[in-house]
2 protein chains.
Amino acid sequence: MKTNLRKYRFENGNISQQKLADLVNVSRQTIVAIERGDYNLSVKLALLLADKLGTTVEELFKLEEKDYV
Amino acid sequence: MKTNLRKYRFENGNISQQKLADLVNVSRQTIVAIERGDYNLSVKLALLLADKLGTTVEELFKLEEKDYV
DNA sequence: ACAAAATGTCAAGTATATTTGACATTATGT
DNA sequence: ACATAATGTCAAATATACTTGACATTTTGT
């Protein structure tokens, strides 16, 4: 699964990892892990992130070939 | 988090839990748990379900008041 | 140049998503 | 009425999301 969380984090207020983490109530390490990719976060967190960054889950996280069954 | 997976499952080809489970490669129990609600599935599975049911994650899963920080 | 903020990364612990198996109940088709 | 498919539910095991803490490196502002 690919993500452009980092891109949206910069484009949307240029917010720090820590600040974003606080906004959605997770640890900074979780944000780091998500940005690093290959991290299958929960849909609730994905919805919160999309909400705070003013976008959609589909825009923030994209399935790759290997993800489809 | 609220879900209308069940509604979409019926409206979209009237597919059985087992068949949907097979489509996204999880066990039927996982589908049951998701439909029962209060189940925080992974975003990858959410994206797959939305894809197979021809809708979006946002349409399939909605945050509730208590989910917002 | 210096201090402070932001980021990268490792490791160990806790919470919970997902699986497997099994059985009971309810719906559906013939 | 009967067989089969679909669903509800429980319990135990495994995989993994997420946390906490700690330290090093890089970036940014003055």
Side-chain angles (χ1 to χ4, degrees):
Chain A
M1 204 184 51
K2 269 196 77 223
T3 180
N4 32 40
L5 174 60
R6 197 182 185 83
K7 181 182 154 218
Y8 273 91
R9 181 163 64 83
F10 286 130
E11 287 180 359
N12 224 301
N14 202 26
I15 202 176
S16 76
Q17 290 176 341
Q18 185 64 63
K19 192 147 194 176
L20 181 56
D22 292 343
L23 273 177
V24 298
N25 223 25
V26 294
S27 71
R28 184 175 66 89
Q29 317 301 63
T30 297
I31 302 294
V32 172
I34 296 169
E35 287 190 356
R36 198 161 40 194
D38 274 331
Y39 190 75
N40 194 15
L41 68 158
S42 75
V43 68
K44 179 177 155 187
L45 178 50
L47 283 166
L48 275 172
L49 286 169
D51 182 63
K52 297 297 182 185
L53 294 176
T55 183
T56 65
V57 172
E58 280 79 6
E59 192 59 41
L60 224 40
F61 302 99
K62 295 190 188 297
L63 292 175
E64 299 175 282
E65 275 308 319
K66 62 174 176 179
D67 295 320
Y68 289 98
V69 298
Chain B
M1 204 182 54
K2 267 195 80 225
T3 180
N4 32 42
L5 175 60
R6 197 181 184 83
K7 179 182 153 216
Y8 273 91
R9 181 164 63 83
F10 285 130
E11 286 180 359
N12 225 301
N14 204 22
I15 203 175
S16 76
Q17 291 176 339
Q18 185 63 63
K19 193 148 193 175
L20 181 57
D22 291 343
L23 273 177
V24 298
N25 223 26
V26 294
S27 70
R28 184 175 66 88
Q29 317 301 66
T30 297
I31 302 294
V32 171
I34 296 170
E35 288 190 354
R36 198 160 41 193
D38 274 332
Y39 190 75
N40 194 15
L41 69 158
S42 75
V43 67
K44 179 176 156 190
L45 178 50
L47 283 166
L48 276 171
L49 286 169
D51 182 62
K52 297 297 181 186
L53 293 177
T55 183
T56 64
V57 172
E58 280 80 4
E59 192 60 40
L60 224 40
F61 302 100
K62 297 190 187 297
L63 293 175
E64 299 176 281
E65 275 308 318
K66 62 174 178 179
D67 295 320
Y68 290 98
V69 299

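Order of the sequence lines fixes the chain letters, A, B, ..., with proteins taken first and strands second; residue numbering starts at 1 for each chain. Hydrogens, waters and symmetry mates are skipped; everything else that's a heavy atom, side chains included, is used.
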- Rounded to the nearest angstrom, tell me the gap between atom CD1 in A:I15 and atom C1' in C:dA6. 13 Å

- Interatomic distance, B:N25 CG vs C:dT19 C1' [rounded to whole Å]: 12 Å

- Query: Of all of residues 54-62 of chain A, which get a heavy atom below 4.0 angstrom from DNA chain D, listed by number?
  - Reply: none

- Query: Does B:A33 or A:R36 map to a spot on DNA chain C nearer the 5' end, using the closest nucleotide for each?
  - Reply: A:R36

- Return no unless some side-chain N or O of B:T30 is found under 4.0 Å from OP1 or OP2 of C:dT18. no

- Task: Enumerate the residues from residues 1-14 of chain B whose closest heavy atom to DNA chain D is under 4.0 Å, giving them by residue number; use none for an empty result.
- Result: B:R6, B:R9

- Item | Qualifying residues under side chain to side chain donor-acceptor pair (under 3.5 Å), relative to A:N4, sequence neighbours excluded | none

- With five pairs defining each end axis, the helix from C:dA1-D:dT30 to C:dT30-D:dA1 comes out bent, to 10°, by 70°

- Those residues that, when tested against B:K2, pass side chain to side chain contact (heavy atoms under 4.5 Å, CB included) (two or more places apart): B:E64

- Task: Return the nearest nucleotide to the side chain of A:S16; candidates are D:dC18, D:dT9, C:dA6.
- Result: C:dA6

Shorter than 3.5 Å, N or O on both sides, protein versus nucleotides 14-17 of chain C: list them out with atom names.
unit_1	atom_1	unit_2	atom_2	d
C:dA17	O5'	B:N40	O	3.4

- Task: To the nearest Å, give me how far apart CD1 (B:I34) and P (C:dT18) are.
- Result: 7 Å

- Message: For A:R36, give me all partners under salt bridge (charged side-chain N to carboxylate O under 4.0 Å, His left out), at least two apart in sequence or on another chain.
- Response: none

- Note on the structure: To the nearest angstrom, the CD1-P distance between B:I31 and D:dT9 comes to 16 Å

- List for me each residue that meets salt bridge (charged side-chain N to carboxylate O under 4.0 Å, His left out) alongside B:R6, sequence neighbours excluded, and say none if there are none. B:E35

Pairs: protein N or O with nucleotides 21-28 of chain C N or O, under 3.5 Å:
unit_1	atom_1	unit_2	atom_2	d
C:dG21	O6	B:Q29	NE2	2.5
C:dA22	N6	B:Q29	NE2	3.3

- Item | Interatomic distance where CG belongs to A:D22 and P belongs to C:dA5 [whole Å] | 14 Å

- Worked verdict on B:L48 versus A:D67 for side-chain contact (heavy atoms from CB on, under 4.5 Å): CA-CA 8 Å; B:L48 276 171; A:D67 295 320; 5.7 Å; no

- Message: Looking at every non-hydrogen atom in both residues, tell me the closest pair between A:I34 and A:T3 and how far apart they are.
- Response: O-CG2, 3.4 Å

All N/O pairs under 3.5 Å across the protein-nucleotides 24-30 of chain D interface:
none

- Message: Is it true that, when you exclude B:K19 itself, more than 12 heavy atoms of the residues, nucleotides or ligands shown sit nearer than 6.0 Å to its NZ?
- Response: no

- Which residues satisfy the salt bridge (charged side-chain N to carboxylate O under 4.0 Å, His left out) test with A:E59, sequence neighbours excluded? none

- Rounded to whole Å, NZ of A:K44 lies from C1' of D:dA17 at a distance of 13 Å

- Task: Please report the C-alpha distance between B:K52 and B:I15 in whole Å, then the side-chain angles of each, then the deciding distance to 0.1 Å, and finally whether the side-chain contact (heavy atoms from CB on, under 4.5 Å) criterion is met.
- Result: CA-CA 11 Å; B:K52 297 297 181 186; B:I15 203 175; over 6 Å; no

- Query: In Å, rounded to the nearest 0.5 Å, how long is the span from CG of B:L5 to CG of B:L20?
  - Reply: 6.0 Å

- Message: If you compare all heavy atoms of B:A33 against all heavy atoms of B:Y39, which two are closest, and at what distance to 0.1 Å?
- Response: O-CB, 3.5 Å

- Query: For B:V43 and A:V57, what are the C-alpha separation, side-chain angles and deciding distance, and is it a side-chain contact (heavy atoms from CB on, under 4.5 Å)?
  - Reply: CA-CA 8 Å; B:V43 67; A:V57 172; 3.6 Å; yes

- Message: Run the side-chain contact (heavy atoms from CB on, under 4.5 Å) test on B:L49 and B:I31 for me, step by step, so that the C-alpha distance in whole Å, both residues' side-chain angles and the decisive distance to 0.1 Å come before the verdict.
- Response: CA-CA 10 Å; B:L49 286 169; B:I31 302 294; 4.3 Å; yes

- Listed by chain and number, what are the side chain to side chain contact (heavy atoms under 4.5 Å, CB included) partners of B:S42, not counting sequence neighbours? A:N40, B:K44, B:L45

- Please round to the nearest 0.5 Å and tell me the distance separating atom OH of B:Y8 and atom OG1 of B:T55. 4.0 Å

- Message: If hydrophobic clusters are built by linking Ile, Leu, Val, Met, Phe, Trp and Tyr wherever their side-chain heavy atoms come under 4.5 Å apart, do A:V32 and A:V24 end up in the same one?
- Response: no

- Here the gap from A:K7 atom NZ to A:E11 atom CD, rounded to the nearest 0.5 Å, amounts to 5.0 Å

- Item | Heavy-atom check, side chain of B:D51 versus side chain of A:Y68, under 4.5 Å | yes

- If you round to the nearest 0.5 Å, how far is CD of A:Q18 from CG of A:L23? 10.5 Å

- At under 4.0 Å between heavy atoms, what does B:V26 touch on the DNA or RNA strands: base, sugar-phosphate, or nothing? sugar-phosphate

- Return the value, rounded to whole Å, for the distance between atom NZ of A:K19 and atom C1' of C:dA5. 13 Å

